[in-house]
Chemist: 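Pasting a structure here, questions to come.
For this chain, numbers begin at 1 and follow the sequence in order.
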Amino acid sequence: MAATSSHSAEDLLCPLCNEIYSVPVLLNCGHNICKVCLQKDSEWKRCRECPVCGVKSAPGRPPINLQLKIAVDEYQVQRIRGTPEVCCIHTERLNIFCHNDEEPICLVCQTSRKHKVHECSPVEEAARQRKKEISAMLEPLKKKLKMLNKKKEQWEETKNYIQTQATQCERAIKEEFEKLHLFLKEEENSRLKVLRQEEEVKKQVMCKKLGNIKDQINSLSATISDIEKTLRVNDLPFLQDYKETKKRVKIIVQEPECIRDILVNSAKHLGLLKYKVWRKMADVIKHVPVTLDPNTAQSNLRFSEELTCVQYSNQQLLPDNPERCTSRVCVLGATGFTWGKHSWTVDVGQGKDWYIGVALESIKRKTAVFLDPAEGFWVIGLMNGDSYWAQTSSRIKLVLKQKPEKITVKVDYDRGKVVFINATDLTTIHTFIDRFTERIYPYLSPGLYDEIKNSSPLKICPLNIRVELE
């Protein structure tokens with residue numbers, strides 16, 4: 001007979017010791033009592049009587065109440081099996097941890113064929129060891145979470161900057177189109193549409209990326225929180241869930257991807273803007289061979305005149321995108337070369353510190369490097385307003401008869417030549433001979449200035465355009 005079907009827990013309590021019956025015996029009056037309790041009570045009172053009703057019992061051994069004994073045994077078994085600290089097979093306490101199977105076991109389990117050759121230790125010792133193990137495994141996840149949060153902030157800034165950048169481009173485009181006549185309005189609207197499409201597409205890309213990284217952060221945060229809660233539970237429950245906890249803490253956290261070319265392509269929208277409509281406004285068009293790329297510029301640089309003029313200015317808050325040069329105050333051209341001959345003229349004005357020339361696409365943009373061919377630079381520069389230098393492996397001081405205001409840079413990619421010419425008297429300032437193996441870009445650095453008002457711009461000079469009608 002099951003204890004739960006005919007007896008409640010109260011029915012199984014001895015009236016004398018108020019504990020579950022050990023060996024219940026039946027008295028003449030019909031009441032039950034533990035056999036041991038009856039003996040102790042009889043010895044103390046020097047007579048045998050029922051502790052419930054006080055009726056004296058006949059001498060001799062009272063019979064064991066077998067039905068009640070069975071009910072007590074079944075109740076004890078059910079209670080033991082319902083206790084997580086007891087082995088469900090042997091109903092013994094789980095006080096041993098098997099390191100091979102990574103689960104708590106009882107002493108009987110340890111001597112069984114399944115576990116007797118396994119490495120085992122007490123639950124308390126194993127719990128301390130495994131908690132240290134999980135805590136150590138949790139630290140990289142916390143670092144990953146910190147890294148993800150930092151990357152999320154950077155991407156939030158990039159997303160906001162895309163909108164700001166698009167607004168700046170829009171304003172510049174409108175300013176240029178205001179100089180044109182009314183019949184160019186259609187061209188203006190067309191270009192604004194392309195800009196907004198690019199802005200929307202790139203903002204959507206960033207929104208998707210941000211959504212993914214937020215989901216990743218939320219998932220990782222929830223996992224860490226759950227595991228930290230698990231670490232605070234008692235030893236045995238912790239070890240019982242150890243396998244699952246270990247599996248969860250070993251989750252692979254993907255590194256955030258490096259998002260390249262996500263900023264608005266300002267060079268595409270602003271570079272050569274007038275030249276592209278020169279057939280309609282031939283008399284006012286200026287064409288320059290080099291457009292500067294503000295996405296590569298250090299944060300102290302400002303641009304004007306359709307991205308052909310750069311000047312040192314107040315520092316701006318810009319995203320640290322992969323293309324941006326942060327180790328030097330410089331900017332690269334928007335278009336690189338992998339073949340052929342190219343030339344452009346830079347108006348260096350009255351600047352006291354500047355560098356111009358070409359640089360490889362693979363230059364180190366985030367760490368300090370020397371401006372020499374070994375690092376991917378072929379440049380000359382002016383220092384302190386009076387000394388010119390060719391930036392070779394060991395710098396060469398250049399002696400000039402006349403201080404140049406405009407310098408022409410001629411590049412012959414196939415022959416590996418970079419020539420610098422004084423545009424005023426057409427004398428050669430310096431020539432680099434090397435071998436190019438990858439794309440090279442125009443390089444401009446207007447230098448550092450203690451007082452921004454004294455900064456001098458570098459400007460790409462326009463070419464003369466002649467339009468002949470037939």
Chemist: Below 4.5 Å, heavy atoms only, C-beta onward: do Ile356 and Ser445 meet side chain to side chain?
Modeler: no
Chemist: Would you sort out whether Lys142 and Glu228 count as a salt bridge (charged side-chain N to carboxylate O under 4.0 Å, His left out), showing the intermediate values?
Modeler: CA-CA 11 Å; Lys142 291 181 177 179; Glu228 287 178 336; 3.3 Å; yes
Chemist: For the pair Glu170 and Lys174, find out whether any cationic side-chain nitrogen is under 4.0 Å from an anionic carboxylate oxygen.
Modeler: yes
Chemist: Taking atom NZ as the centre, does Lys352 end up with more than 12 heavy-atom neighbours from other residues, nucleotides or ligands that are less than 6.0 angstrom away?
Modeler: no
Chemist: Determine, step by step, whether Gln163 and Lys203 satisfy the side-chain contact (heavy atoms from CB on, under 4.5 Å) criterion, reporting the C-alpha distance in whole Å, the side-chain angles of both residues, the deciding distance to 0.1 Å, and the verdict.
Modeler: CA-CA 8 Å; Gln163 186 171 357; Lys203 284 175 65 177; 3.9 Å; yes
Chemist: Give the ring-plane orientation class for Phe337 versus His342, where under 30° counts as parallel, over 60° as perpendicular and anything between as tilted.
Modeler: parallel
Chemist: So, the side chain of Glu438 versus the backbone of Ser362: is there a donor-acceptor pair under 3.5 Å, distance only?
Modeler: yes
Chemist: So does Ile227 get a backbone contact from the side chain of Arg232, meaning a donor-acceptor N/O pair under 3.5 Å?
Modeler: no
Chemist: Kindly say whether Val264 contributes a backbone atom to a donor-acceptor pair with the side chain of Gln165 at under 3.5 angstrom?
Modeler: yes
Chemist: Look at the rings of Phe436 and Trp378 and say which category their plane angle falls in: under 30° parallel, 30 to 60° tilted, over 60° perpendicular.
Modeler: perpendicular
Chemist: Mind checking whether Pro442 and Val409 have side chains closer than 4.5 Å, heavy atoms only?
Modeler: no
Chemist: Rounded to the nearest 0.5 Å, what's the gap from CD1 on Ile217 to CD1 on Ile224? Could you check?
Modeler: 10.5 Å
Chemist: Determine whether a donor-acceptor pair (N or O, by modelled atom type, separation under 3.5 Å) exists between the side chain of Thr291 and the backbone of Ala334.
Modeler: no
Chemist: What heavy-atom pair brings Asp293 and Val331 nearest, and what distance separates the two atoms?
Modeler: O-CG2, 3.3 Å
Chemist: Does any N or O in the side chain of Asn234 come within less than 3.5 Å of the main-chain N or O of Leu236, such that one atom is a donor and the other an acceptor?
Modeler: no
Chemist: Evaluate the salt bridge (charged side-chain N to carboxylate O under 4.0 Å, His left out) criterion for residues Lys366 and Asp320: first the C-alpha distance (whole Å), next the side-chain angles of each, then the deciding distance (0.1 Å), finally the verdict.
Modeler: CA-CA 9 Å; Lys366 310 298 181 183; Asp320 188 18; 2.5 Å; yes
Chemist: Just checking Arg328: does its CZ atom have more than 12 heavy atoms from other residues, nucleotides or ligands closer to it than 6.0 angstrom?
Modeler: yes
Chemist: Do the non-hydrogen side-chain atoms of Ser121 and His99 ever get within less than 4.5 Å of each other?
Modeler: yes
Chemist: Do Thr392 side-chain atoms and Ser394 backbone N/O form a donor-acceptor pair below 3.5 Å?
Modeler: yes
Chemist: Minimum heavy-atom separation for Ser266 to Leu307, with atom names?
Modeler: O-CD1, 3.8 Å
Chemist: Tell me if the NZ atom of Lys459 is crowded by more than 12 foreign heavy atoms within 6.0 Å.
Modeler: no
Chemist: Show the numbers, then the answer: is there a side-chain contact (heavy atoms from CB on, under 4.5 Å) between Leu263 and Tyr161?
Modeler: CA-CA 8 Å; Leu263 301 181; Tyr161 182 70; 4.2 Å; yes
Chemist: Taking side chain as C-beta onward, heavy atoms only, is Trp354 less than 4.5 Å from Val346?
Modeler: no
Chemist: Is the closest basic N to carboxylate O distance between Lys151 and Glu156 below 4.0 Å?
Modeler: no
Chemist: For the residue pair Ser456 and Gln350, confirm or rule out a side-chain donor-acceptor distance under 3.5 Å.
Modeler: no
Chemist: Please check if any side-chain donor atom of Ser327 sits under 3.5 Å from a side-chain acceptor atom of Thr367, or the reverse.
Modeler: no
Chemist: How long is the gap from CG on Leu141 to CZ on Arg248, to the nearest 0.5 Å?
Modeler: 11.0 Å
Chemist: Walk me through whether Tyr355 and Tyr443 qualify under ring-ring contact (aromatic ring centres under 6.0 Å, His included).
Modeler: CA-CA 8 Å; Tyr355 291 98; Tyr443 177 93; 7.7 Å; no
Chemist: What pair of heavy atoms forms the shortest contact from Leu148 to Pro256, and how long is it?
Modeler: CD2-CG, 3.5 Å
Chemist: Hey, does the side chain of Asp101 reach the backbone of Glu103 with a donor-acceptor pair shorter than 3.5 angstrom?
Modeler: no
Chemist: Checking Gln154 side chain against Asn149 main chain: does a donor-acceptor pair fall under 3.5 Å?
Modeler: no
Chemist: Do Thr326 and Gln298 have side-chain N/O donor and acceptor atoms under 3.5 Å apart?
Modeler: no
Chemist: Would a 4.5 Å heavy-atom cut-off, applied to side chains only, mark Ile363 and Glu375 as touching?
Modeler: no
Chemist: Does any part of the side chain of Thr428, heavy atoms only, come nearer than 4.5 Å to the side chain of Asn422, both counted from C-beta?
Modeler: no
Chemist: Taking atom CD1 of Ile162 and atom CH2 of Trp155, what is their separation to the nearest 0.5 Å?
Modeler: 11.5 Å
Chemist: Please round to the nearest 0.5 Å and tell me the distance separating atom CG of Asn321 and atom CZ of Arg365.
Modeler: 9.5 Å
Chemist: Just by distance, no angles: are the side chains of Gln311 and Ser455 close enough, under 3.5 Å, to form a donor-acceptor pair?
Modeler: yes
Chemist: Please walk me through it: do Leu360 and Tyr441 pass side-chain contact (heavy atoms from CB on, under 4.5 Å)?
Modeler: CA-CA 6 Å; Leu360 292 177; Tyr441 287 84; over 6 Å; no
Chemist: Any side-chain heavy-atom pair from Phe420 and Phe432 closer than 4.5 angstrom?
Modeler: yes
Chemist: Enumerate the salt bridge (Lys or Arg N to Asp or Glu O under 4.0 Å) contacts for residues 377-393, please, sequence neighbours excluded, ordered by first and then second residue.
Modeler: none
Chemist: Rounded to the nearest 0.5 Å, what separates atom OG1 in Thr111 from atom CD1 in Ile105?
Modeler: 8.5 Å
Chemist: Given the rule in the side-chain contact (heavy atoms from CB on, under 4.5 Å) test, do Leu231 and Ser135 qualify, once you have shown the distances and angles that lead to the verdict?
Modeler: CA-CA 8 Å; Leu231 291 174; Ser135 296; 3.8 Å; yes
Chemist: Considering residues, nucleotides and ligands other than Lys341, do more than 12 of their heavy atoms fall under 6.0 Å from its NZ?
Modeler: no
Chemist: Under 4.0 Å between a side-chain nitrogen and a carboxylate oxygen: does that hold for Arg196 and Glu200?
Modeler: no
Chemist: Are Tyr388 and Ile380 side-chain neighbours, meaning at least one heavy-atom pair lies under 4.5 Å?
Modeler: no
Chemist: Distance check, rounded to the nearest 0.5 Å: Cys207 atom SG versus Lys202 atom NZ?
Modeler: 14.5 Å
Chemist: Over all heavy atoms of both residues, which pair between Gln316 and Leu301 is shortest? Give the atoms and the distance, please.
Modeler: NE2-O, 2.8 Å
Chemist: Using modelled atom types only, decide if a donor and an acceptor are shared between the side chain of Arg324 and the backbone of Pro319 within a distance under 3.5 Å.
Modeler: yes
Chemist: When you check the gap from the basic side-chain N to the acidic O, do Glu133 and Arg130 get nearer than 4.0 Å?
Modeler: yes
Chemist: Between Cys169 and Leu195, what is the shortest heavy-atom contact and its length?
Modeler: CB-CD2, 4.0 Å
Chemist: Would you name the heavy atoms of Gln240 and Leu94 that are closest together and state the gap between them?
Modeler: NE2-CD1, 3.8 Å
Chemist: Test salt bridge (charged side-chain N to carboxylate O under 4.0 Å, His left out) on Asp235 and Lys131; report intermediate values, then the result.
Modeler: CA-CA 9 Å; Asp235 294 346; Lys131 283 186 177 181; 3.2 Å; yes
Chemist: Do side-chain atoms of Ser225 reach the backbone of Ser221 as a donor and acceptor pair under 3.5 angstrom?
Modeler: no
Chemist: Are there over 12 heavy-atom neighbours, none belonging to Arg439, within less than 6.0 Å of that residue's CZ?
Modeler: yes
